[in-house]
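Since the structure comes first, as structure tokens, the remarks are kept for the end.
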2 protein chains.
Amino acid sequence: MPAHELGPRAREIAIEARALLNERGPEALTMRAVAERLGIQAPSLYKHFASKEALEGAVVTLALEDFAERFEAAAAAPKGDRLGALAHAYRAYAHAMPHEYQLVNDRPLPRDLLPEGLEARAAAPLLRAVGTLERARSAWAFAHGMVSLELNGRFPPDADLEAAWEDGIRALRRTPRRT
Amino acid sequence: MPAHELGPRAREIAIEARALLNERGPEALTMRAVAERLGIQAPSLYKHFASKEALEGAVVTLALEDFAERFEAAAAAPKGDRLGALAHAYRAYAHAMPHEYQLVNDRPLPRDLLPEGLEARAAAPLLRAVGTLERARSAWAFAHGMVSLELNGRFPPDADLEAAWEDGIRALRRTPRRT
DNA sequence: GTCTATAGTGGGATAGAC
DNA sequence: GTCTATCCCACTATAGAC
């Protein structure tokens with residue numbers, strides 16, 4: 001069952017699972033722990049989700065919907081530096097919910113468990129801001145790469161990450177050449 | 001014990017573990033499976049590595065050494081498009097050994113298990129090619145982001161990834177402004 | 001350096017009653 | 001929708017003999 005067709009109880013479960021993920025990380029996201037958080041027993045969850053994978057799909061859906069809202073808001077607000085605003089929103093989201101970010105972005109998307117159109121909705125603001133598909137993809141790759149390396153502590157502790165972000169954004173802000 | 005001080009038998013074990021990782025993925029990298037591949041029992045491995053984590057550290061070391069060699073070779077060869085050559089080598093390495101790439105790059109580095117200087121060695125060719133730390137970091141982020149999104153199937157099946165790579169590289173090739 | 005035996009942990013999932 | 005009881009699996013790791 002796709003996440004957008006969940007019953008009310010299933011939705012509550014997904015919300016708690018998401019909270020658990022964000023508070024304690026992906027390894028803590030077990031059926032047992034989700035159940036405990038809800039004050040029920042683990043087997044009861046299987047009345048609402050066919051498998052752990054299905055529950056994770058619902059969590060990914062909640063996460064993508066939240067991200068899309070923030071990303072759309074960032075695209076709407078500023079007059080001038082739209083790409084910079086999107087980059088800032090992207091980074092802020094990842095830093096606010098690093099575990100969730102990685103669950104959504106560091107592995108294949110469970111597309112069959114997502115509402116139709118959600119993935120495209122999340123991508124749309126960037127595409128509108130940069131104008132071409134190649135640039136949207138290269139800009140997304142830059143942002144995802146920065147976030148991923150940051151979250152995993154791959155840059156030196158004294159690295160000036162603001163400078164790296166600014167450098168990449170400046171390079172990508174120029175109008176891409178038509179091919 | 002750091003990976004560069006391994007005994008000969010430990011090194012053999014690490015090499016088999018690496019092969020197992022590359023052939024069957026990170027989930028298949030268990031002490032049992034490594035032992036089976038070597039024709040011995042899992043507990044025997046603990047005479048050579050204190051823990052699974054230590055064995056993984058040795059695998060990461062082998063991987064980084066291999067990557068550094070390829071990256072250095074790519075930096076040495078071409079006269080003209082050095083950044084493009086490095087990007088190509090980076091991508092080719094990731095595509096050749098996707099599981100290994102993710103083990104090394106999609107999580108924190110176990111720095112205490114690595115030979116001194118290896119991390120810096122792997123980064124050096126890019127830094128030399130682009131000249132500034134910010135640009136080295138933003139270019140690395142772009143390459144890592146592209147690879148990560150590619151390996152996880154996050155781009156549409158019909159996406160022109162060559163175009164996205166070329167777009168990003170072109171944007172990042174320009175000399176960064178001095179700050 | 002390898003073995004056997006085994007401890008200990010934690011997880012996903014099912015059956016069937018209420 | 002929740003429960004109890006239970007199964008089955010897989011994994012890391014230790015002890016002690018050879």
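Below, read A as the first sequence line, B as the second, and so on, with proteins coming before strands; counting in each chain starts at 1.
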Next on the checklist: Run Glu72(B) and Arg128(B) through salt bridge (Lys or Arg N to Asp or Glu O under 4.0 Å) and show every step you take.
Outcome noted: CA-CA 11 Å; Glu72(B) 287 160 358; Arg128(B) 278 196 295 268; 5.8 Å; no
Item to check | Test salt bridge (Lys or Arg N to Asp or Glu O under 4.0 Å) applied to Asp160(B) and Arg137(A), step by step | outcome: CA-CA 9 Å; Asp160(B) 185 346; Arg137(A) 288 171 186 145; over 6 Å; no
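Leu62(B) and Leu113(B) fall into different hydrophobic clusters, where Ile, Leu, Val, Met, Phe, Trp and Tyr residues are linked whenever their side-chain heavy atoms come under 4.5 Å apart, directly or through other members. Leu29(A) and Leu6(A) fall within a single hydrophobic cluster, where Ile, Leu, Val, Met, Phe, Trp and Tyr are joined by side-chain heavy atoms under 4.5 Å apart, directly or via other members. Follow the hydrophobic side-chain contacts under 4.5 Å out from Phe71(A) and you reach Phe155(B) in the same cluster.
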Would you tabulate the side-chain donor-acceptor contacts of residues 32-39 of chain A under 3.5 Å, counting partners in other chains and residues two or more places apart, or write 'none'?
| residue | atom | partner | partner atom | Å |
| --- | --- | --- | --- | --- |
| Arg37(A) | NE | Glu16(A) | OE1 | 2.7 |
| Arg37(A) | NH1 | Glu23(A) | OE1 | 3.1 |
| Arg37(A) | NH2 | Glu23(A) | OE2 | 3.1 |

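A perpendicular orientation is assigned to the rings of Tyr90(A) and Phe67(A), their planes being inclined by more than 60° (bins at 30° and 60°).
The main-chain N or O of Glu134(B) is found under 3.5 Å from a side-chain atom of Ser138(B) such that the two form a donor-acceptor pair.
Comparing the local axis fitted to the first five base pairs of the helix from dG1(C)-dC18(D) to dC18(C)-dG1(D) with the one fitted to its last five gives a bend of 10°, rounded to 10°.
For Glu69(B), the side chain to side chain contact (heavy atoms under 4.5 Å, CB included) test picks out Arg121(B), with sequence neighbours left out. Among residues two or more places apart in sequence or in another chain, the side chain to side chain donor-acceptor pair (under 3.5 Å) test is passed with Glu162(B) by Arg91(B).
Lys47(A) comes within 4.0 angstrom of a nucleotide base, judged by non-hydrogen atoms across all strands.
Between chain A and DNA chain D, the heavy-atom contact criterion of under 4.0 Å yields a 5' to 3' nucleotide range of dG1(D) to dA5(D).
Interface residues of residues 26-46 of chain B facing DNA chain D, ordered by number: Thr30(B), Met31(B), Arg32(B), Pro43(B), Tyr46(B); criterion, heavy-atom separation under 4.0 Å.
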